[in-house]
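Quick notes on the structure that follows.
Index from 1, following the sequence. One-based numbering, in listed order, for ligands and for the atoms of each.
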Amino acid sequence: MKITLPQNVCKIISDLESRGFEAFAVGGCVRDSILGRTPEDWDITTSARPEDVKAIYRRTIDTGIEHGTVKVMMGDEGYEVTTYRIDGEYSDMRHPDRVEFTVSLEEDLSRRDFTINAMAYNESRGLVDLFGGMEDLRSGVIRCVGESGERFNEDALRMFRAVRFAAQLDFSIDKDTAEAIRELSGNLKNISAERIQTELVKLITSSHPERIRDCYEMGITAAVLPEFDVMMKTPQNHMHHMYDVGEHTIKVMENVLPSKVMRLTALLHDVGKPATGTVDEEGYTHFKGHPNVGAEMAAGILRRLKFDNDSIHKVKTLIKWHDVRPDATEKNIRRLLSKVGEDLFPLLLDIKYGDILGQSDYMREEKLAILSDYRRCFEKIISEKQCFTIKDLAVDGHDLMDAGIPAGVEIGEKLKSLLEIVLEDPARNKKDVLLSYIKEGLC
Ligand code: ATP
Ligand code: MG
């Protein structure tokens, strides 16, 4: 097996070897290279101690010095160089209580999570594969290094990682490994929100977001996203739908682009349904008010998982407006645009598209035609530079003060009323026209 290492990686390995240490590319980069995927980053494992690594290079960063990791900077690129280590006990099921350095590559590889992540490579020794990683890559299997239950008891996050890798690589999960996950997934409750967030995002932005179903079936979402389990158990009986809320959610994820915001929005867009569901006399289900309830719930969930405020704001806004269905007139779209904002509006159209494809095919053509009309209106409004925000009004606060409106809250109120007038008819966005509304007391 021949892997082409980037020049900088070769240089670091040979710098270390020429000083009598061992060094290998290891983990994800070896796995991805063998699969013909582009590695996200290149990690190096070495028998050298952090202080030895730091003595060689001028520019290093102590990114995880307590775990033996030093980042070596070459140009703009950083390479994590980690000393061979054995992880100590994990009494909190999260972090090793201490790490112990070793000079044995075998020991370092055996602390790693899965066989496909436990291979090392350098040019002199070629591929070092002590646990059948190559075979598992060939047959597409995620399998723990060593005894699964033991490995998951050391670090519960590995259970979520197993499904995340399965989704990214379209692999199956080995039977023993899967059984251990079913048994121990409840321990994911003890894992920090930040670590859960990372795996959740990698899973849902992968090319197989439907693998979140594995998380449900193995008890992972019960521990980290119980709201999803409730969706999986919420039926929808209506001609517009052919799936329960959970399966519909999965279909919507599959039909939007794999960005963090879009996939999170798809994942949570109907999270308000279980709480708002009713059944009418004919047995049909309805979910009145679910977008507003869902927007609040989604914000709460994302805060709990420690997402950044910008993502929370975007997802919340998109969920709040995902189900409005006005007639496709320019006026209606201007109004919607003024609430959603220009940057999020195309994403709203995309989530609506995914939502339609996740429904039954009842009236699908009509629904998609309306969506195209929305898009045309949106593009026309933008290309004509029509006004749909207060800052685009032909008057501002100073103009209103000049016209005799006292400074203070009233100015803001008047600007809002003027925006309503302009949203109704953009031709009114002229200074003299708007001031005449003010002077005549019409707003
Ligand atoms: P990605 O493409 O997501 O970066 P990766 O395999 O590089 O995948 P990282 O989280 O960057 O994953 O970790 C690098 C390597 O460190 C892994 O390949 C694995 O060998 C090891 N590793 C990471 N996290 C764990 C863990 N929780 N338990 C055991 N080994 C781990
Ligand atoms: Mg990595």
Side-chain angles (χ1 to χ4, degrees), residues 3 6 9 24-46 63-64 67-69 71 77-90 92-97 99-100 102 105-121 127-134 136-137 142-171 177 180-181 184 187-188 190-192 194-208 211 220 258 260:
I3 293 176
V9 175
F24 295 84
V26 71
C29 59
V30 174
R31 175 198 70 219
D32 289 343
S33 300
I34 296 171
L35 289 172
R37 299 164 72 98
T38 312
E40 259 184 44
D41 38 36
W42 290 82
D43 295 325
I44 292 160
T45 188
T46 180
T63 43
H67 301 112
T69 304
K71 187 180 264 186
E77 299 283 325
Y79 300 86
E80 299 219 312
V81 180
T82 304
T83 304
Y84 292 168
R85 62 178 222 224
I86 309 168
D87 291 347
E89 290 288 301
Y90 285 66
D92 63 353
M93 283 182 285
R94 274 179 269 184
H95 313 290
D97 297 342
V99 300
E100 200 180 300
T102 165
L105 172 65
E106 177 168 1
E107 284 181 327
D108 182 82
L109 293 178
S110 64
R111 75 169 168 90
R112 293 172 185 273
D113 46 8
F114 306 112
T115 59
I116 59 165
N117 288 346
M119 291 183 281
Y121 180 89
L127 187 70
V128 182
D129 173 18
L130 308 175
F131 307 102
M134 195 63 205
D136 284 341
L137 269 190
I142 306 295
R143 182 195 316 271
C144 284
V145 170
E147 209 276 307
S148 314
E150 239 171 71
R151 304 313 310 283
F152 293 146
N153 277 323
E154 288 168 356
D155 180 7
L157 187 73
R158 290 172 186 156
M159 295 185 267
F160 204 168
R161 284 171 62 85
V163 183
R164 180 270 271 199
F165 286 118
Q168 286 180 319
L169 305 172
D170 195 17
F171 277 22
T177 300
I181 297 177
L184 298 169
N187 293 339
L188 275 160
N190 304 321
I191 297 295
S192 74
E194 290 84 352
R195 296 182 81 204
I196 297 290
Q197 184 203 118
T198 303
E199 300 305 321
L200 177 66
V201 169
K202 286 186 174 179
L203 167 63
I204 65 175
T205 57
S206 75
S207 39
H208 292 280
R211 295 299 288 269
I220 294 176
K260 177 166 89 171

Where ligand 1 meets G28 - atom numbers and elements under 4.0 angstrom, heavy-atom basis
5 (P), 6 (O), 7 (O), 18 (O)
Flag the pair L169 / R31 as yes when at least one side-chain heavy-atom distance between them is below 4.5 Å, and no otherwise.
yes
Between I3 and Y121, which heavy-atom pair has the shortest distance, and what is it?
N-OH, 3.0 Å
Check whether more than 12 heavy atoms from other residues, nucleotides or ligands sit under 6.0 Å from atom CD of E147, and answer yes or no.
yes
Using a 4.0 Å heavy-atom cut-off, which part of D155 comes near ligand 1: side chain, backbone, both, or neither?
side chain
Is there a side-chain contact between L109 and V26 (heavy atoms, below 4.5 Å)?
yes
Tell me the nearest of K202, M119, R164, R161 to atom 17 (C) of ligand 1, using heavy-atom distances.
R161
Residues N187 and M159: closest non-hydrogen pair is CB-CE, 4.3 Å
Q168 versus ligand 1: do any nitrogen or oxygen atoms come within less than 3.5 Å of each other?
no
N-O pairing of E154 and R151 below 4.0 Å:
yes
Of the side chain and backbone of F165, name the one, both, or neither that has a heavy atom under 4.0 Å from an atom of ligand 1.
side chain
Under 4.0 Å between a side-chain nitrogen and a carboxylate oxygen: does that hold for D155 and R195?
yes
Tell me the nearest of R151, R158, E40, R31 to atom 8 (O) of ligand 1, using heavy-atom distances.
R31
Under 4.0 Å to a heavy atom of G27 - the qualifying atoms of ligand 1, by number:
18 (O)
Contact partition for R37 relative to ligand 1, non-hydrogen atoms under 4.0 Å:
neither
Find all atoms of ligand 1 within a distance of less than 4.0 Å from any non-hydrogen atom belonging to R195, and give their numbers and elements.
27 (N)
Do ligand 1 and C29 have nitrogen or oxygen atoms that lie under 3.5 Å from each other?
no
